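In this text, all values refer to a predicted model and were calculated from it rather than measured experimentally. By convention here, the first residue in the shown sequence is residue 1.
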Amino acid sequence: MPAGSGPSRSRLSTYGLPSAIAALTLMVAAAGVLAAPLSPDSAVAAVFPPWWQREQSAAAVASAGGLIIREGINGTILVVRPTGPRLAERLREHGAILIVNPIAASGCLTAPILPQAPRALS
């Protein structure tokens with residue numbers, strides 16, 4: 001390859017690495033903002049260990065005093081409505097490995113468990 005015909009190593013390391021680090025930092029920051037629960041009394045998505053069965057995850061939610069309103073594809077991601085204070089803390093005590101905003105976990109969820117009232121057609 002003739003000299004000067006391709007990008008130099010110094011140019012790639014000068015711009016490529018810092019750009020990649022900046023992009024990764026922005027992605028992590030955005031994920032952190034989306035993952036934060038909205039308020040202490042709002043619903044949260046609780047992520048339980050992937051080797052747990054749905055029944056074990058549901059029992060942990062019940063023990064923590066939560067009400068399941070949606071579930072994930074494999075039953076280890078559950079959207080939980082609080083029935084008392086400190087739900088996120090209680091879910092962690094009962095085995096949840098991650099508590100996130102349910103909007104952030106919406107791609108991993110299925111249809112609601114609790115039936116919704118039908119909407120009137122307009």
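Atom CD of Q53 has 12 or fewer heavy atoms from other residues, nucleotides or ligands within 6.0 Å.
For the atom pair OG of S57 and CG of L91, the computed distance is 10.5 Å after rounding to the nearest 0.5 Å. Put simply, CD1 on I77 and CD on E71 are 10.5 Å apart, with the number rounded to the nearest 0.5 Å. Rounding to the nearest 0.5 Å gives a distance of 11.5 Å between CD1 of I97 and CZ of R92.
Taking the side chain to side chain donor-acceptor pair (under 3.5 Å) definition, one finds that E89 meets it with R86, sequence neighbours left out.
Residue pairs meeting the ring-ring contact (aromatic ring centres under 6.0 Å, His included) criterion with at least one partner in residues 52-80, sequence neighbours excluded, are F48-W52.
For the residue pair R81 and L87, the shortest heavy atom distance occurs at C-CD2, 4.0 Å. Of all heavy-atom pairs spanning T83 and G66, the tightest one is OG1-N, 4.2 Å. The two residues A46 and V80 come nearest to each other via the heavy atoms CB-CG2, 4.5 Å. Of all heavy-atom pairs between A43 and I69, the closest is CB-CD1, 4.0 Å. Taking all atoms of both residues into account, the shortest heavy-atom contact from S42 to P82 is O-CD, 3.6 Å.
Under a 3.5 Å cut-off, the side chain of R90 and the backbone N or O of P85 do form a donor-acceptor pair.
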